[in-house]
Amino acid sequence: MEPQNPQTSENLDSNPTSPSPANLVHKVKSNLVFQSKWAELNGAMGDLGTYIPIVLALTLAKDLNLGTTLIFTGVYNMVTGVIYGVPMPVQPMKSIAAVAISDGPDFNIPEIMAAGICTGAILLVLGATGLMQLVYKLIPLSVVRGIQLSQGLAFAMTAVKYIRKVQDFSKSKSKENRHWVGLDGLILAIVCACFIIVINGAGEERNERETGNVDDEERNMRIKRIKKTMANIPSAFIVFLLGVVLAFIRKPAVVKDIKFGPSSMEVVQFTSHAWKQGFIKGTIPQLPLSILNSVIAVCKLSSDLFPGKEFSATSVSITVGLMNLVGCWFGAMPCCHGAGGLAGQYKFGGRSGGCVAILGAAKMALGLVLGTSLVRILDWFPVGILGVLLLFAGIELAMTCRDMNSKGECFVMLICTAVSLVGSSAALGFVCGMVVHVLLKLRNYSSRDQSGCTVSINGTP
């Protein structure tokens, strides 16, 4: 095992003491430094396939304040980039959003924000008391991989639905099949997907086989130079810009709907009914997903993708809690971290906190300059292109599960995945995965115990 360099493995998360101002400035700079400007810019696009559809749906269906959401989530992005030094994503709380869209007039902005505040408060308590770190240590890797695989496949299947079907985000429903041709047609989505595959391939392979043959070494060097050149092409960024251009081409009159300046920010007024409904309908189904995917899976995935930068479940849980205890009072969408967003940003080249800092600055600028009127542009953004971005994020998350070595680990992982997907509940999949894991441990223990007894009996004269 190679010794870790303390300069690279230390971060703000792992040092509970107060560093000197000089060390603090050094850590902030190192966390935000770009390994490659184009790659980091490209990586910033990796999470938009999840972010835009949910924000757009809540804005259209529930009159979410898009300007406020952009400003707060932009701040969240920049702060997490400074703290963690990796492309830590800021995503909508999906279960709360799903309830809001499907529950009709009984679950509006006060209920949504109450659900976010309650979820954030519980996560903050779990993190501050150390209980979240205990949970992180007790959950076996095979169960975490099952949750990651189910989430990755769920993203991929949603992405294929976006590509194949016309979407009504305001009602969270799929409509008729998408036409082959057109500015949001199947051919456009397929071309964008092929372009990303040609540029990015299947992603980085950590352990490449080295050969001693001179000709092979020269060929490998040429291949590496070609790959490095292609890696500097910001494929996801180019595809996203294409979508913006096509949005204006599809609806030129959208320019008239743009109003410059930030939207007004107000404190949300809560009633006892809002707190009750928010907790029962929003917090209870969201909490297991936040614990498993936003904290546990993110910590596991960050240690896989960024060796030497391991984050405690305590700090991740606290940052999620603080985000919602601040922003939700002003109508900003409930947010969390997410393994899918981290995988997507890594897939497209994000390697530092500067990746999400770029995204955060862009969100803040759009929120301050365009405010809620930005929704008019997003409403005409080609959904097929969003589906392509989401597809690669989901596949990248699912591929983290290829490190399961034994048949028993794969068995537990697949049970957890199957139940999560069919039951549409990560919590149910988690429970089944834990039960199967314990049963297999008991079976193996019993088998070893019986084997030992047999040897003792046979050895008795």
Report task. With side-chain contact (heavy atoms from CB on, under 4.5 Å) as the test, would you mind laying out the steps for Leu188 and Cys192 before giving the verdict? Result -> CA-CA 6 Å; Leu188 173 67; Cys192 290; 4.1 Å; yes
Taking all atoms of both residues into account, what is the closest heavy-atom pair of [X] and [Y], and its distance?
{"X": "Phe279", "Y": "Cys118", "value": "CD1-CB, 4.0 Å"}
{"X": "Ile96", "Y": "Ala115", "value": "CD1-CB, 3.7 Å"}
{"X": "Ala343", "Y": "Ala393", "value": "CB-O, 4.1 Å"}
{"X": "Leu289", "Y": "Ala426", "value": "CD1-CB, 4.0 Å"}
{"X": "Gly340", "Y": "Gln91", "value": "C-NE2, 4.1 Å"}
{"X": "Asn324", "Y": "Ile117", "value": "O-CG1, 3.9 Å"}

Query raised in the report: Is there a side-chain contact (heavy atoms from CB on, under 4.5 Å) between Lys165 and Glu176 once you walk through the steps?
Result: CA-CA 6 Å; Lys165 302 278 189 179; Glu176 68 273 8; over 6 Å; no
Under 3.5 Å, is there a donor on one side chain and an acceptor on the other for [X] and [Y]?
{"X": "Thr400", "Y": "Asp304", "answer": "no"}
{"X": "His337", "Y": "Thr319", "answer": "yes"}
{"X": "Lys363", "Y": "Asn77", "answer": "yes"}
{"X": "Ser302", "Y": "Glu310", "answer": "no"}

Would the distance check show the side chain of [X] and the main-chain N or O of [Y] forming a donor-acceptor pair, the cut-off being under 3.5 Å?
{"X": "Tyr51", "Y": "Pro92", "answer": "no"}
{"X": "Lys309", "Y": "Val86", "answer": "no"}
{"X": "Gln133", "Y": "Ala313", "answer": "yes"}
{"X": "Thr59", "Y": "Leu66", "answer": "no"}
{"X": "Asn42", "Y": "Trp38", "answer": "no"}
{"X": "Arg250", "Y": "Leu183", "answer": "no"}
{"X": "Arg164", "Y": "Asn177", "answer": "no"}

Do [X] and [Y] make a side-chain contact, defined as non-hydrogen atoms from C-beta onward lying under 4.5 Å apart?
{"X": "Leu428", "Y": "Val419", "value": "yes"}
{"X": "Pro87", "Y": "Phe306", "value": "yes"}
{"X": "Phe169", "Y": "Val383", "value": "yes"}
{"X": "Ile258", "Y": "Leu374", "value": "no"}
{"X": "Ser352", "Y": "Leu32", "value": "no"}
{"X": "Cys416", "Y": "Ile147", "value": "yes"}
{"X": "Val244", "Y": "Phe381", "value": "yes"}
{"X": "Leu141", "Y": "Met413", "value": "no"}

Report task. Only one of Thr69, Val75, Thr68 passes side-chain contact (heavy atoms from CB on, under 4.5 Å) with Phe72; say which it is. Result ->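 Single side-chain contact (heavy atoms from CB on, under 4.5 Å) partner of Phe72 among Thr69, Val75, Thr68: Thr68.
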Query raised in the report: Does the pair Ile112 and Lys62 meet the rule for a side-chain contact (heavy atoms from CB on, under 4.5 Å), with working shown?
Result: CA-CA 10 Å; Ile112 294 171; Lys62 297 296 178 179; 4.2 Å; yes
Does atom [atom1] of [X] have more than 12 heavy-atom neighbours, drawn from other residues, nucleotides or ligands, at distances under 6.0 Å?
{"X": "Arg376", "atom1": "CZ", "result": "no"}
{"X": "Asp168", "atom1": "CG", "result": "yes"}
{"X": "Phe195", "atom1": "CZ", "result": "yes"}

Any chance you could measure [X], atom [atom1], to [Y], atom [atom2], to the nearest 0.5 Å?
{"X": "Glu396", "Y": "Leu342", "atom1": "CD", "atom2": "CG", "result": "9.5 Å"}
{"X": "Leu153", "Y": "Gln148", "atom1": "CG", "atom2": "CD", "result": "11.5 Å"}
{"X": "Leu386", "Y": "Leu48", "atom1": "CG", "atom2": "CG", "result": "8.0 Å"}

Report task. For Phe348 and Phe237, run ring pair (Phe, Tyr, Trp, His ring centres under 6.0 Å): C-alpha distance rounded to whole Å, both residues' side-chain angles, the deciding distance at 0.1 Å, then the answer. Result -> CA-CA 9 Å; Phe348 290 117; Phe237 182 66; over 10 Å; no
Query raised in the report: Using 4.0 Å as the upper bound for N to carboxylate O, is an ion pair formed by Lys251 and Asp379?
Result: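 Lys251 and Asp379: not salt-bridged.
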Report task. Could you check Asn65 against Thr372 for side-chain contact (heavy atoms from CB on, under 4.5 Å), going step by step and ending with a plain yes or no? Result -> CA-CA 6 Å; Asn65 192 322; Thr372 305; 3.6 Å; yes
Query raised in the report: Is the gap between the ring centers of Phe155 and Phe392 under 6.0 Å?
Result: no
